[in-house]
Number of protein chains: 2
Amino acid sequence: MAAVKEQSTIQANKRIAQAECPVTYVMEKIGGYWKPIILYHLAAGDKRYSELKKAIPAITEKMLIQHLKQLEQDNLVIREARPVVPPYVTYRLTAAGHGLQPVIRAMAEWAFKDIKGSFKEKATRKSKAAIAA
Amino acid sequence: MAAVKEQSTIQANKRIAQAECPVTYVMEKIGGYWKPIILYHLAAGDKRYSELKKAIPAITEKMLIQHLKQLEQDNLVIREARPVVPPYVTYRLTAAGHGLQPVIRAMAEWAFKDIKGSFKEKATRKSKAAIAA
DNA sequence: ACAAGTACTTACCCCAAAGTATGTATCATG
DNA sequence: CATGATACATACTTTGGGGTAAGTACTTGT
């Protein structure tokens, strides 16, 4: 503790959290809003920049390219540009990117269970459940 | 596409992402810096507020309580307060909270592999496995 | 009477992520 | 020669998560 407050405590805390918490480490890499979505679409197969844009209409170009760059830096996707007349750029997952699939799947399973309410009133055996809405 | 810009596009995008992406759904619940860490500590057993504080020295009280409240609202932890002289409040995981452990574990495994560099140039060499949810 | 401990609450600030908008390079086509 | 398509880049603004600091309510110990 003490947290001397030199500057940018938030960044310092990030390092700490990342160092001691593998979950935070993962979050740093796929924690953006769009990252998992991009990953999801790329998991289904290689895609061009414009294909991703079409697949995720709500994302802005800035966000798309920004996250793609980050994913590339984090070694999760590979960018392949062909020096042709109209640019032709393809993105695909790396081994690390594919390695995230069990994580994604575990998340998805939990999410579906939680949405279905499979966890509600099960196993807690003695829950007053004071949900204040 | 048009994105009429009525108000707070970021929140609107969140809903969209959450609705179509289970991963984002999970992120919304355990995506804070401290959430996974708190969850991790609670996974090891029930803890009092002060015990959590001691277990995670770098966290501020505001963040701790704030995240605990959110986790409670999201039905991941249960708060039990005993109306005794010095307050005695215990936090423990719900069934849903415990249900996250496979997710956490999958993340941790990936993180360790990634940190070790197991994905670098190794390639899973035979990963078709395109899960389409 | 006052400090100390527990479990919070609240007001205020800062920064980085997310969003908006516009510009760039290249060539093909009308 | 202006428009459209592709794949970006970049300046600027907003928003909300996270951080700092201080206060509250209650009681026990000295």
Side-chain angles (χ1 to χ4, degrees), chain A residues 1-18 24 27-38 47-54 56-72 77 79-91, chain B residues 1-18 24 27-38 47-54 56-72 77 79-91:
Chain A
M1 66 260 318
V4 230
K5 194 217 173 173
E6 294 184 336
Q7 55 187 333
S8 174
T9 41
I10 177 170
Q11 292 299 9
N13 277 342
K14 271 198 188 180
R15 318 279 144 188
I16 294 167
Q18 256 194 91
T24 303
M27 291 296 190
E28 281 295 311
K29 292 179 187 294
I30 64 170
Y33 290 153
W34 305 107
K35 292 247 192 84
I37 302 180
I38 294 170
K47 289 216 167 38
R48 294 183 60 179
Y49 174 82
S50 53
E51 287 177 318
L52 282 171
K53 237 173 61 181
K54 257 169 271 173
I56 317 171
I59 199 172
T60 65
E61 290 192 70
K62 182 203 165 193
M63 281 298 103
L64 179 54
I65 193 89
Q66 185 175 299
H67 284 129
L68 283 171
K69 298 280 176 204
Q70 286 174 21
L71 291 170
E72 201 192 348
V77 307
R79 194 189 94 113
E80 272 172 309
R82 245 142 353 119
V84 289
V85 190
Y88 195 98
V89 180
T90 315
Y91 291 90
Chain B
M1 30 105 85
V4 228
K5 196 219 173 172
E6 293 184 335
Q7 58 193 8
S8 177
T9 40
I10 175 170
Q11 292 299 10
N13 277 343
K14 272 198 189 182
R15 320 278 145 193
I16 295 167
Q18 256 194 91
T24 302
M27 291 295 191
E28 281 295 311
K29 292 180 186 294
I30 65 169
Y33 289 154
W34 304 107
K35 292 248 192 83
I37 300 179
I38 293 169
K47 289 215 167 38
R48 296 182 59 179
Y49 174 82
S50 54
E51 287 177 318
L52 282 170
K53 238 173 61 180
K54 256 169 273 172
I56 316 171
I59 199 174
T60 65
E61 291 192 68
K62 181 203 165 192
M63 281 298 103
L64 180 54
I65 194 81
Q66 184 176 299
H67 283 129
L68 283 171
K69 298 280 176 205
Q70 286 175 20
L71 291 169
E72 200 191 348
V77 306
R79 194 190 93 115
E80 272 173 309
R82 269 185 278 158
V84 289
V85 191
Y88 194 100
V89 181
T90 314
Y91 291 90

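Everything quoted here is computed from the prediction, not taken from an experiment. Side chains included, hydrogens not; waters and symmetry mates left out as well; all remaining heavy atoms used. Below, chains carry the letters A, B, ... as their sequence lines are ordered, and counting in each starts from 1.
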Does a side-chain N or O from [X] land closer than 4.0 Å to OP1 or OP2 of [N], or not?
X       : N      : answer
B/His67 : D/dG18 : yes
B/Ser50 : C/dG5  : no
B/Tyr91 : C/dC8  : yes

Given [options], which nucleotide is nearest the side-chain atoms of [X]?
X       : options               : result
A/Pro87 : C/dA18, D/dT6, C/dA7  : D/dT6
A/Met63 : C/dC8, D/dG19, C/dA18 : C/dA18
A/Arg48 : C/dC8, D/dT6, D/dC8   : D/dT6
A/Arg79 : D/dG18, D/dC8, C/dA18 : D/dC8
A/Val85 : C/dA7, C/dA18, C/dC27 : C/dC27

Atom pair distance, as rounded to whole Å: [atom1] in [X] and [atom2] in [N]:
X       : N      : atom1 : atom2 : result
A/Ile59 : D/dC8  : CD1   : C1'   : 14 Å
B/Lys47 : C/dA7  : NZ    : C1'   : 18 Å
B/Ile65 : D/dG23 : CD1   : C1'   : 15 Å
A/Lys69 : C/dA18 : NZ    : P     : 17 Å
B/Leu71 : C/dC8  : CG    : P     : 14 Å
A/Gln66 : D/dT10 : CD    : P     : 12 Å
B/Ile38 : D/dG18 : CD1   : P     : 10 Å
B/Glu28 : C/dA18 : CD    : P     : 11 Å

Set of residues satisfying salt bridge (Lys or Arg N to Asp or Glu O under 4.0 Å) with respect to A/Glu51, sequence neighbours excluded: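 So A/Glu51 forms no salt bridge (Lys or Arg N to Asp or Glu O under 4.0 Å) with any residue.
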
A/Tyr49 vs A/Leu68 side-chain heavy atoms within contact, under 4.5 Å: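 In short, these two side chains touch, coming nearer than 4.5 Å.
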
Looking at side-chain heavy atoms only, is the closest gap between A/Glu61 and A/Lys53 below 4.5 Å?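 A/Glu61 reaches A/Lys53 side chain to side chain.
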
If you look at every strand shown and take non-hydrogen atoms under 4.0 Å, does B/Thr60 touch a base, only sugar-phosphate, or nothing?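 Touches a base.
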
Considering heavy-atom distances to DNA chain C, does A/Lys62 or A/Pro86 have its closest nucleotide positioned more toward the 5' end?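 Upstream on the strand: A/Lys62.
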
Name the residue closer to the 5' end of DNA chain C, choosing between A/Gly31 and B/Lys53 according to the nucleotide with the nearest heavy atom.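 By nearest-heavy-atom nucleotide position, the 5'-most residue is B/Lys53.
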
Could you state the interatomic distance from CD1 (B/Ile56) to NE2 (B/His67), rounded to the nearest 0.5 Å?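 Interatomic distance, B/Ile56 CD1 to B/His67 NE2, rounded to 0.5 Å: 10.5 Å.
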
Roughly how far, to the nearest 0.5 Å, is the NZ atom of A/Lys35 from the CD atom of A/Glu28?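 The CD atom of A/Glu28 sits 8.0 Å away from the NZ atom of A/Lys35.
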
With A/Val77 as reference, evaluate A/Glu72, A/Lys69, A/Lys47 under the side chain to side chain contact (heavy atoms under 4.5 Å, CB included) test and give the passing residue.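 Single side chain to side chain contact (heavy atoms under 4.5 Å, CB included) partner of A/Val77 among A/Glu72, A/Lys69, A/Lys47: A/Glu72.
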
Option passing side chain to side chain contact (heavy atoms under 4.5 Å, CB included) with A/Val89 (candidates A/Arg48, A/Arg79, A/Arg82):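 That would be A/Arg79.
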
Over its full length, what angle do the end axes of the helix from C/dA1-D/dT30 to C/dG30-D/dC1 make, each axis taken from five pairs and the result rounded to 10 degrees?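 Computed angle between terminal axes is 30°.
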
Ignoring hydrogens, what is the shortest heavy-atom contact between B/Thr24 and A/Pro36? Give both atom names and the distance.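 Of all heavy-atom pairs spanning B/Thr24 and A/Pro36, the closest is OG1-CG, 4.0 Å.
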
